Structure formats: C-alpha cells, structure tokens
Q: 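Next up is a structure, given as structure tokens.
What you are looking at is a predicted structure, and each value in this text was computed from that prediction instead of being measured. Just the heavy atoms: all of them, side chains too, but no hydrogens, waters or symmetry mates, feed the values below. Throughout, a chain's letter reflects where its sequence line sits, starting with A, and its residues are numbered from 1.
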Amino acid sequence: MGHARAALACPTRVGYRGSVKKTGGHRVLRVATVAWSALLGALGCASERPGGPATVTVSGSVLGAEGRILRRQLERFDRETPDIRVEMRPTPDAADLRHQLYVQWLNARATDPDILQVDAIWTPEFAAAGWILPLDRFAPDTAAFFPVTIEANRWRGDLFALPWFVDVGMLYWRTDLFSEPPETWDALERAVIPIVAGGSPRYGLVWQGARYEGLVTVFLEYLGGFGGRILDGDRVTVQEPPGVLALTTMRDQIHRTGVVPRRVLTWHEEEPRFAFQNGEAALMRNWPYAAGPMQDSTQSRVAGRFAVAPMPAGPGGRHTAAFGGAQLAINAFSPEAAAAWLVIEYLTRPEQMLERASIVGQFPTRTAVYDDPALADALAIPPAQARAIVEAAVPRPVTPVYTQLSEILQIQLHRALSLQAEPRDALARAGSEMQALLDRAGLGRGGVAVR
Amino acid sequence: MVAPAVVTILLVALFPLTWTVWESLHLHDLRMPWLGQPFVGLENYAEVLRDRRFWGAMGHTLWFAAASVSLELVLGCVLALAMNRTFRGRALVRASILIPWAIPTVVAALVWRFMFEGLEGWLTHDLRAWVPVILSDVWKTTPFVALLLLAGLQGIDPALYEAARIDGASPWRQFRYVTLPLLAPAIMVALIFRTLDAFRVFDLIYVLTGGGPGTATEPIALYTFNTLMHNLRFGYGSALSVLVFLVTFGLALGYIRLLGRGLTDVRS
C-alpha cells in the first residue's frame, strides 16, 4: 500500500524537494537531485531516495488507544501531505524511561527522531542543553493556547515546545455522598471524618503518595492552596511557612485525622483510581484520564455518581492544579526541522485535539476548543469545569534541573509523610540540598547564566 | 600461553575499572551538559564523603548483609543437618528445597511486595519495611546455603562420630567439637558468597520497596544505579562505584585470608 501511494505522490515530492525544502544549498546538486528524482518518478518510484519525501519520525506513546489515535492522525497527515512521510518511533510509556532514552539519544546528537513528545518539566532541561529547537521562527499561534501551557514551555524567553494536551490535578467527588465539593481543607476534613468513621466508604481522600514525581504534583497543589511556591526565580522557597503548613496538612490527614489512608504512600495513579472506581473512596485527586474509565458502568461502580472540582485551598492560597501533559518539540539535530514543524502544526490543530479528547479524554490546550459544542460530547466531564481547572493550573518550577530538584523533594516529602522526619526539618533539608544543586548547576544565586 | 590470559584479564576487568576510575575524576553530568566535562581531581570523592544519602546507603547495606547472612547461615545449617540424615524421600526433599532459589529474584520480590502491600503500614514504615526485605532474602537464599553446608557435612568421616559416641560425647558436644570445626571451610565459602552477594543487593529491594519509604531501605547498589542511570551523573556515580568496589574487594581479601587460615587450622 505504501508503494502505491508513493507512486501517486511522486511529482509533488519532486516539486517539494526542489522548491521548498532546499532553500539555498548547492545549485548544481539541487538540479541533479531534481533530475534524479524525476527519473525515479518516471520509473515509478522504485526507490524512496534521494529526492523522496522528507521523512519525519515522531516519538511518543504507541500503546493502547493513545497509540492508535496517534497512528491514525499521522496516517491522515501522510495522505494530506504527500511530500512528507511520517514514521512512529515507539518509546517507553513510563516517563522516567522515556526521559532516559531521550537524554541518551540527544547527548549522542542523534538526528532521529525528529519530533519528541516531552513532559512539560523536560522542556527547560532540553532547551538549556541545546537539544531542542526554539519554535518562534515558525511563528506559532501562542495566543490561542492557555497561557500556563505556553509559560511552562518557555526557556529564557523563547518557546521550545508546543503544548499538545493538558493534564491537571482535579478533585473527584461523589455526588451521592456530598451535595457540593469541599472548597477548603477544613471543610473537606469536616465532611470526610464522619464518613470514614462510619466505614462506608472505607477511605476518605486518596491520592498518589509513592516516592515519585506524582507525589510532587500532589504536594504542589496543597502548597498552592496555602499560597506557597517551590522556587521563586533562582531561590528555593519550599521550606518557608506555607510549605511547612502544606506538608503538615498532608501528614495530619494521614496520621492524625485518617482522612487519607496511610497506604497511599505506596500508590501511583492507578491505585487511587481503582479505589474510587470500586466505591471505596469518597474523594480522589487524579488526572483527567481517570474520568473516562470511571464513567464506564461495565467496569465502574461510581459511573454517573461523581463530578470534578478544583483541589481545595487552605488559608492564604488559592485552588491549585499541577500542570502536566505532553508537548511536542523538534530535535535540534533534525535535518527535517521545517517538515517536522508541519507535523506538529497538524497534530495541534483543533480538530485533532477534539479527536484526542473524545477517544482518550485528554484536555485540549487551545482555549477555543472549549467553546466547541463537540467537546461536551467528547469529554466525560463538562468542558466549562475542565476549563476552570486548567485556568487554575500552575507549572512546576521551570528550570533545567527540575528532575534532580524533584528527586530531592520526593525523598524529603516521603520521609515526612512516613513519620521519619518532622515536616519543618524535612523541608529545611530539601531546601538546602535543592539550593546547593542550583548553585552547582550555575543556576542559583549569583551563578553563571546558562546559554 | 600467558599472553592471552593477560590480555583477557586486561580487557575484561582492568579496562572497565580504569575507565571508571578515570571517569570518577571528572565532572560529567549528562543532565547539565552546559557544565562540560572538566577534570576535577578528587572532588567527587570529597562530595561522596559529605553525602548523607551515601552514608545512609552504606549503613543499610551493612545492616542488610549482616542480618540476612547470619539468619541464612543458622537456618541453612539446621536444614543441612536435617537433610544429612537418612530418611525416606530424602532426594525429593533435597530437590524441592531448591525451589525458592530457582525463582527469579524479581518475581519473588513482586510476590512478597503484593503480600505486604495488603498489610497497612509495613512498606511505609522505615523500620518495619526491613521485615519483608530480609525475610524474602532469607526465604530465597537459605536453600543455597543449606546445600553448600550439606556438601560439607557429607565430607565428614562417620568414624569420627562413632569415636565420639564411644567416648560418651553428647549430641551437642559432637556437633560443637566434630561437626562445626570440620564444617568450617564450607561455612566460610557460604559466608563469602553470601556476604558479597548481599553487599550488592539490588533487584530485590528495587522491586520490593524501591529503597523507600524515603530512602530508609536504599542499599548502596540502588543509590549508585539511581545516580548513574536516573540522574545520569556519570562522574559522581563512578566515584560511588569505585568506593563500592574497594569495599567489596577489601571484604573478599579479608575473607580469603581468613579462609586460608581456617583450612590450615583444620589440617593441623
């Protein structure tokens, strides 16, 4: 099938190679390329090279529905754009493993894959290393996206990745247990303590508390609720009073009031979803993806009996959602950057976002999509609610050494939550280790500038 | 005939080791490529010695090795003594005792994790989390120790026990003055293998607790792995590796000298 399509596409490809792709370059070589391509075209495109379509490789999730929808969208792009061929490069689904692979590839200056699916927290790291291209040269329509999604992808003023879909932390609540979602942590505890005491359901609030990146996102939401931040510019501020208050609240909910079960300290995203889905928890903090399977009455006991709300806030803060999700960036060593941009531009169009939303429940990054009535059918939760939560989202610290900072914080948060250290001491230690790391990286106070 | 052996040793052992030592003298952080790869002398080692997580990991490793190996030796000895008697179905018992040893560590660790995840507060408590870790290692490795000791037991001349009985020695005295001294070489071999293995413990803890809660059960091998493969700090991770190598090498040397003395004692 590939061959038949390539044969039909031949003349266009030649035109593309000759006119658009090689701007400048060696004239004689270009003429030769065109002639050679024309010859191949006459022969029915027996070979793809040279002068074949530009091949762009896309790395990202290839598993399950997410893989299927990406494949379908790329095939559609292939059909609509005969002068570019797109191939998928499978990468591990676990974020850590994918990141490790990217770093090894880019450090070795691999030219393939051209397009990288990156987590928001990796953008500054790859940008500072010079591994991904600034996208401003392609004049992306940044005003059409949620400001937070653009802000998280800027490094030193330049945009390095285009937001593809948003992940935000939300409070899932049972409409048959509460008449309205708790606005504050106090209200949540007041409402939940009698429920847990009665034993039905057995858990109050559940979240991902294992020692991994997910724990930091939960902490970030408590922290925002008390008006704190992890980093203020190049200064670590997590050990300041709002941080201590946020961590103490989390710890008391586990060990004092029992609002959160202790076992969340070994849980990732899926365990809370299973607990909530089986009706064992009154409230859950999770990402948007959980809504889809939970609305499916064949596997869920709470289908039609839950809604979402922003995470509660404490005194001095505001409702906060940790911002996550996927971005698309271009490998700085890619020889096909212009073609890669066309693929990114295609994948981030409103229609594609709508399709992703309807099939895998991922929130679009373009604000206008939320006004499209089709989105209401696509998402398992009302678009207005989804939009309100995205607008309350805050990015994790935008710094090239985020992953290392996060590891330090993960360990100290987990120590405090498992009663190995007092919140104040744990955060003080995290703060000084994080500041030392920033200084060592040349990013701290008085450090040398990066790039 | 010597040349190929020397070349092989150079290639297989010395080259990677030298490379690691050389790497450990550099700042080489893949996550911070803008810092370059400058030569920093012993700075990485100085940082290791100030690193609380490193000392914690060292302490955890020593504690794990001491606890698990001593339990394994005692239990292994009991099992070996039991298997050394003649009874019906002995062959079957000897074969089946090896089953835990034959199960891949990762699979065994997963099974133990699922068992303890169901119990609230074990994997999330800094001291109690050691219970599944040590228990699973003992469960898995005691058979190996038992078989090693059994081989040792079978090498003991039954005439010695007969002579002891005639002299009126109680079973305890027979064990203390006949079995134990003659079993010493086998015990030494088991001790060496198990201590060095325990010192390098990685997969079991990686799967069972991930080193948590916090870093309460993190052994040195897991910390080194995280530094190298997760944080991609090649210079610092190499310094950690070199230190671990020195400690295990020292342990092995010490044991070999002890073992040598043990053997000569038996002969005299």
Q: Against chain A, label B:Leu232 side chain, backbone, both or neither, depending on which of its atoms sit under 4.5 Å from a heavy atom there.
A: side chain
Q: Ignoring hydrogens and geometry beyond distance, is a side-chain donor-acceptor pair present between B:Asn231 and A:Gln404 at under 3.5 Å?
A: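 Looking only at side-chain atoms, A:Gln404 and B:Asn231 do not form any donor-acceptor pair under 3.5 Å.
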Q: Which region of B:Pro33, side chain (C-beta onward) or backbone (N, CA, C, O), has a non-hydrogen atom less than 4.5 Å from a non-hydrogen atom of chain A, or is it both or neither?
A: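 It is the side chain, since no backbone atom gets that close.
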Q: Any sub-3.5 Å donor-acceptor pair from B:Trp34's side-chain atoms to A:Ala441's backbone N or O?
A: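 Yes, B:Trp34 side chain to A:Ala441 backbone: donor-acceptor pair under 3.5 Å.
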Q: A:Gln412 versus chain B, heavy atoms under 4.5 Å apart: side chain, backbone, both or neither?
A: neither
Q: Check whether A:Arg211 reaches the backbone of B:Gly214 with its side chain - one donor and one acceptor, N or O, closer than 3.5 Å.
A: yes
Q: Assess whether side-chain contact (heavy atoms from CB on, under 4.5 Å) is satisfied between B:His125 and A:Leu419, documenting all intermediate values.
A: CA-CA 8 Å; B:His125 188 282; A:Leu419 301 180; over 6 Å; no
Q: Side chains of B:His230 and A:Thr403: does their closest heavy-atom pair fall under 4.5 Å?
A: no
Q: Is any side-chain N of the basic residue among A:Glu433 and B:Arg52 closer than 4.0 Å to the acidic one's carboxylate O?
A: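 Salt bridge absent between A:Glu433 and B:Arg52.
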Q: What part of B:Arg113 is in contact with chain A, defined as an atom under 4.5 angstrom from a non-hydrogen atom: side chain, backbone, both or neither?
A: neither
Q: Just wondering, are more than 12 heavy atoms of other shown residues or ligands nearer than 6.0 Å to CZ in B:Phe116?
A: yes
Q: Please state whether the side chain, the backbone, both or neither of A:Arg429 comes within less than 4.5 Å of a heavy atom of chain B.
A: side chain
Q: Is there a side-chain contact (heavy atoms from CB on, under 4.5 Å) between A:Leu437 and B:Met32 once you walk through the steps?
A: CA-CA 11 Å; A:Leu437 180 89; B:Met32 303 181 192; 4.0 Å; yes
Q: If you count heavy-atom pairs within less than 4.5 Å of chain B, which of A:Gln410, A:Glu407, A:Arg262 leads?
A: A:Arg262
Q: Step through the shown structure and confirm whether more than 12 heavy atoms of other residues, nucleotides or ligands are within 6.0 Å of CZ on A:Arg440.
A: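 Counting neighbours around CZ of A:Arg440, more than 12 heavy atoms of other residues, nucleotides or ligands fall under 6.0 Å, so yes.
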Q: Crowded around B:Tyr45 OH? As in, over 12 foreign heavy atoms under 6.0 Å?
A: yes
Q: Under 3.5 Å, is there a donor-acceptor pair linking the side chains of B:Thr124 and A:Arg263?
A: no
